[in-house]
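Scroll down for the structure; my scribbles are underneath it.
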Amino acid sequence: MAEPLTHQYGIEVVENIATMVVTVAPKFEQQTFVDWVLQDYLSLELMDRARKIAEGLSLFLPANFNQAVGILLASTAAQSRGDKDNSMASFIFLPHSLYVAKNGLCDFDTSMQALYLLT
């Protein structure tokens, strides 16, 4: 029997996202973000894990939506060139999309462009 997707979306996903973000935004509070997201993280199902990461991004990225989206999109470059055999690779940016969907209502054009690039 195959392992549930939730188990493949573990702590390393949170750490990878934090590393990608701090690479393009050195002031990002990487460890504080990871610690916050990991509170009760393992008790959550896949979509709730993604939502928790998105909520953490909301808390730790700049409040300015355009600035935050710029950081998120820039942070995806390293992963895009990464391991193509990773079955969860397409899910790594799910929190990014959820972040845009929740926070981007103020800027439709930027949100649509970001969602296009993320998917």
Side-chain angles (χ1 to χ4, degrees):
M1 181 185 228
E3 182 180 21
L5 285 177
T6 299
H7 296 166
Q8 295 179 37
Y9 209 71
I11 293 169
E12 67 282 350
V13 170
V14 179
E15 293 168 342
N16 288 343
I17 289 172
T19 298
M20 288 187 293
V21 171
V22 80
T23 299
V24 298
K27 292 183 180 179
F28 180 71
E29 297 176 34
Q30 181 177 7
Q31 192 57 54
T32 306
F33 165 80
V34 170
D35 291 344
W36 186 89
V37 172
L38 292 183
Q39 292 174 13
D40 300 320
Y41 183 79
L42 295 177
S43 68
L44 303 173
E45 295 297 327
L46 177 66
M47 287 302 295
D48 289 328
R49 288 180 182 196
R51 284 185 198 98
K52 179 88 185 247
I53 296 169
E55 187 177 347
L57 291 170
S58 293
L59 292 171
F60 293 96
L61 285 173
N64 178 287
F65 177 72
N66 287 325
Q67 208 176 13
V69 167
I71 291 168
L72 286 178
L73 293 177
S75 76
T76 65
Q79 182 67 23
S80 298
R81 294 186 301 268
D83 180 10
K84 303 292 187 212
D85 295 328
N86 179 355
S87 63
M88 290 302 290
S90 61
F91 287 93
I92 190 83
F93 302 132
L94 177 58
H96 298 55
S97 296
L98 294 173
Y99 171 87
V100 171
K102 182 175 181 185
N103 298 289
L105 297 174
C106 61
D107 190 337
F108 178 81
D109 292 334
T110 300
S111 297
M112 291 300 104
Q113 181 181 14
L115 290 172
Y116 173 79
L117 294 170
L118 289 166
T119 57

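No donor-acceptor distance shorter than 3.5 angstrom exists from the side chain of Thr110 to the backbone of Asn66, with no hydrogens or angles considered.
Side-chain heavy atoms closer than 4.5 Å link hydrophobic residues (I, L, V, M, F, W, Y) into clusters, and following such links, even through other members, never connects Val13 to Leu44.
Here the side chains of Met112 and Phe108 are in contact, with some heavy-atom distance below 4.5 Å. You'll find the side chain of Tyr9 reaches within 4.5 Å of the side chain of Tyr41, heavy atoms only.
To the nearest 0.5 Å, the span separating NE2 on His7 from CG on Leu42 amounts to 9.0 Å. Note that the CD1 atom of Ile17 and the CG atom of Leu57 stand 6.5 Å from one another [nearest 0.5 Å]. The line from CD of Gln67 to CG of Leu72 is 11.5 Å long, rounded to the nearest 0.5 Å. The structure places CG of Leu115 at 13.5 Å from CZ of Phe93, a figure rounded to the nearest 0.5 Å. Rounding to the nearest 0.5 angstrom, the gap separating the CD1 atom in Ile71 from the CG atom in Leu73 is 10.5 Å.
Sorted by first and then second residue, the salt bridge (charged side-chain N to carboxylate O under 4.0 Å, His left out) pairs involving residues 48-73 (not counting sequence neighbours) are Asp48-Arg51.
For Asp40, the side-chain contact (heavy atoms from CB on, under 4.5 Å) partners are Ser43, not counting sequence neighbours. Among residues two or more places apart in sequence or in another chain, the side-chain contact (heavy atoms from CB on, under 4.5 Å) test is passed with Gln31 by Val34, Asp35. Checked against side-chain contact (heavy atoms from CB on, under 4.5 Å), Gln113 has the following partners two or more places apart in sequence or in another chain: Leu117.
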Let me have the donor-acceptor pairs involving side chains of residues 94-105, under 3.5 Å, with sequence neighbours excluded, atom names and distances please.
from	atom 1	to	atom 2	distance (Å)
Asn103	ND2	Ser58	OG	3.0
Asn103	ND2	Tyr99	O	2.9

Please tabulate, one pair per line, all N/O donor-acceptor pairs under 3.5 Å involving side-chain atoms of residues 19-28, not counting sequence neighbours.
from	atom 1	to	atom 2	distance (Å)
Thr19	OG1	Glu15	O	2.9
Thr19	OG1	Gln30	NE2	3.1
Thr23	OG1	Thr19	O	2.7

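Applying side chain to side chain contact (heavy atoms under 4.5 Å, CB included) to Phe33 and the options Leu61, Leu38, Val14, Leu59 leaves one that passes, Val14.
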